[in-house]
Amino acid sequence: MKTPVRRSTILLAFLIADTRVAVAQTGYYNLDSGRPTRIEDAVPTPLGELEAQLLPLRGEWVSDGTQRLRYEPKLSFGVLPLTEIEIRLPIVHTRSAAAPPSTGIASAAIGGLHAFNVETRWPAFALAGEAVLPVGSLSANTASYSAKGLMTKTFPFLRLQLNVAGGTWSVRPTPVAPLSGGGTLCGNAPGVPPCLIPDLPCNVVPTAIDGPSPSCMPSTATTSAIAAATSPTTGAHWMASLGIDHTWPLISALGVADVVVDRFVGLYPLDDWTAELGLRRQVAPQLVFDLGLSRRFAGTTQSTSITAGLSYSAPLRHPW
């Protein structure tokens with residue numbers, strides 16, 4: 001009588017373990033913002049699962065010669081059905097001809113995502129939100145916030161993704177000294193260095209004004225110190241992105257392409273357009289590798305970025 005019971009117990013344990021592995025092996029299918037592109041699907045982290053983004057790196061080369069390296073570890077956890085919470089900590093290193101290299105924490109961000117439904121014949125819809133806090137030596141002086149709507153629809157050969165977001169941008173105030181010939185400190189005019197686009201909360205620009213001082217520099221900053229003191233350090237930010245992705249289940253891989261448009265009200269006069277390509281690959285039952293390439297091809301300035309990351313996912317026991 002004991003033998004069938006033991007066999008049943010062993011079989012049940014095997015099925016549970018196999019199910020956990022099967023769930024982990026679908027990690028390549030779920031798109032997260034920045035992994036490897038900015039487009040995100042309406043699928044939250046599964047209930048009770050912890051995902052640790054261990055090695056998310058982004059290198060950026062701007063048209064004026066500025067180089068920027070961003071390391072951004074992140075944790076997300078499926079806290080409730082169709083609901084996740086997350087925290088991330090961007091660390092930025094910049095290099096420019098205008099100032100010595102600088103490295104520091106650029107902010108701390110806390111966010112969450114809730115999916116309203118699981119995709120059937122109708123698209124999946126979700127709502128995400130995030131607060132970017134002024135933490136670290138390179139962060140903006142004030143917090144910024146965002147809310148984002150997400151839609152995912154699967155077709156026979158691809159998935160369609162749509163993201164629409166609204167919120168605020170924030171930058172570090174920059175002291176401005178008079179420049180010879182007048183004009184703006186950064187912008188789009190000939191002979192004027194391009195401004196860098198905020199990147200949650202901002203891209204850090206090393207400057208040599210009043211001594212080396214890494215900061216974010218709005219295009220509205222003029223050569224007058226008075227105007228610099230009154231130039232905006234926060235405002236509205238709008239974003240929309242459209243993307244498609246295709247999976248190759250036999251090799252546990254996904255390819256994605258998208259186009260993103262950003263509008264920074266009161267900061268830059270032009271909308272900024274970015275095209276991105278990315279690949280996600282399941283390299284182990286609980287490990288997903290991703291690689292992305294993006295080009296900001298129109299707007300305030302042009303730049304090229306490469307991203308690479310590695311994430312680890314594991315189910316956790318519920319305390320309830």
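Between the side chain of Trp238 and the main chain of Val261, no donor-acceptor pair closer than 3.5 Å is present. Using modelled atom types, no side-chain atom of His237 and backbone atom of Gly166 make a donor-acceptor pair closer than 3.5 Å. No side-chain donor-acceptor contact under 3.5 Å links Trp273 to the backbone of Val260. Panel note: side chain Thr307, backbone Pro36; a donor-acceptor pair is recorded below 3.5 Å. In this structure, the side chain of Gln282 engages the main chain of Tyr28 through a donor-acceptor pair within 3.5 Å. Remark: side-chain polar atoms of Asn163 are paired, donor with acceptor, to backbone N or O of Glu40 under 3.5 angstrom.
Salt-bridge annotation for Glu130 and Arg88: present, with a side-chain N of the basic residue lying under 4.0 Å from a carboxylate O of the acidic one. Contact check on Arg263 versus Asp272 returns no salt bridge, with no Lys/Arg side-chain nitrogen under 4.0 Å from an Asp/Glu carboxylate oxygen. Under 4.0 Å is where a charged nitrogen must lie from a carboxylate oxygen, and between Arg58 and Glu72 no such pair does. Contact check on Asp262 versus Arg38 returns a salt bridge, with a Lys/Arg side-chain nitrogen under 4.0 Å from an Asp/Glu carboxylate oxygen.
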* To do: Please report the C-alpha distance between Glu84 and Val79 in whole Å, then the side-chain angles of each, then the deciding distance to 0.1 Å, and finally whether the side-chain contact (heavy atoms from CB on, under 4.5 Å) criterion is met.
  => CA-CA 5 Å; Glu84 72 173 42; Val79 63; over 6 Å; no
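Tracing side-chain contacts under 4.5 Å through hydrophobic residues (I, L, V, M, F, W, Y), one never reaches Trp61 starting from Leu277; they form parts of separate clusters. Under a hydrophobic clustering in which Ile, Leu, Val, Met, Phe, Trp and Tyr are joined whenever their side-chain heavy atoms come within less than 4.5 Å, directly or via other members, Leu160 and Val256 fall into different clusters. In terms of hydrophobic clustering, with Ile, Leu, Val, Met, Phe, Trp and Tyr side chains grouped at heavy-atom distances under 4.5 Å, Leu162 and Phe155 are assigned to a common cluster. Put simply, Tyr29 and Val118 are part of two different groups of oily side chains (I, L, V, M, F, W, Y) that touch within less than 4.5 Å, one to the next. Follow the hydrophobic side-chain contacts under 4.5 Å out from Leu279 and you never reach Val288; the two are in separate clusters.
In the model, Glu60 has a side-chain atom that pairs as donor or acceptor with a side-chain atom of Ser303 under 3.5 Å. Side chains of Gln161 and Asp245: a donor on one and an acceptor on the other come within 3.5 Å. For the residue pair Thr45 / Glu51, no side-chain donor-acceptor distance below 3.5 Å is found, with atom types taken as modelled. A donor and an acceptor atom, one from each side chain of Thr168 and Ser144, are nowhere located under 3.5 Å apart. Defined by atom type and a distance below 3.5 Å, a donor-acceptor pair is missing between the side-chain atoms of Thr152 and Asp41.
A distance of 7.5 Å separates CG of Leu113 from CG of Leu127, quoted to the nearest 0.5 Å. A distance of 13.0 Å separates CG of Leu75 from OH of Tyr312, quoted to the nearest 0.5 Å.
Evaluated for a side chain to side chain donor-acceptor pair (under 3.5 Å) with Thr154, the options Arg159, Arg121, Glu119 yield exactly one hit, Glu119.
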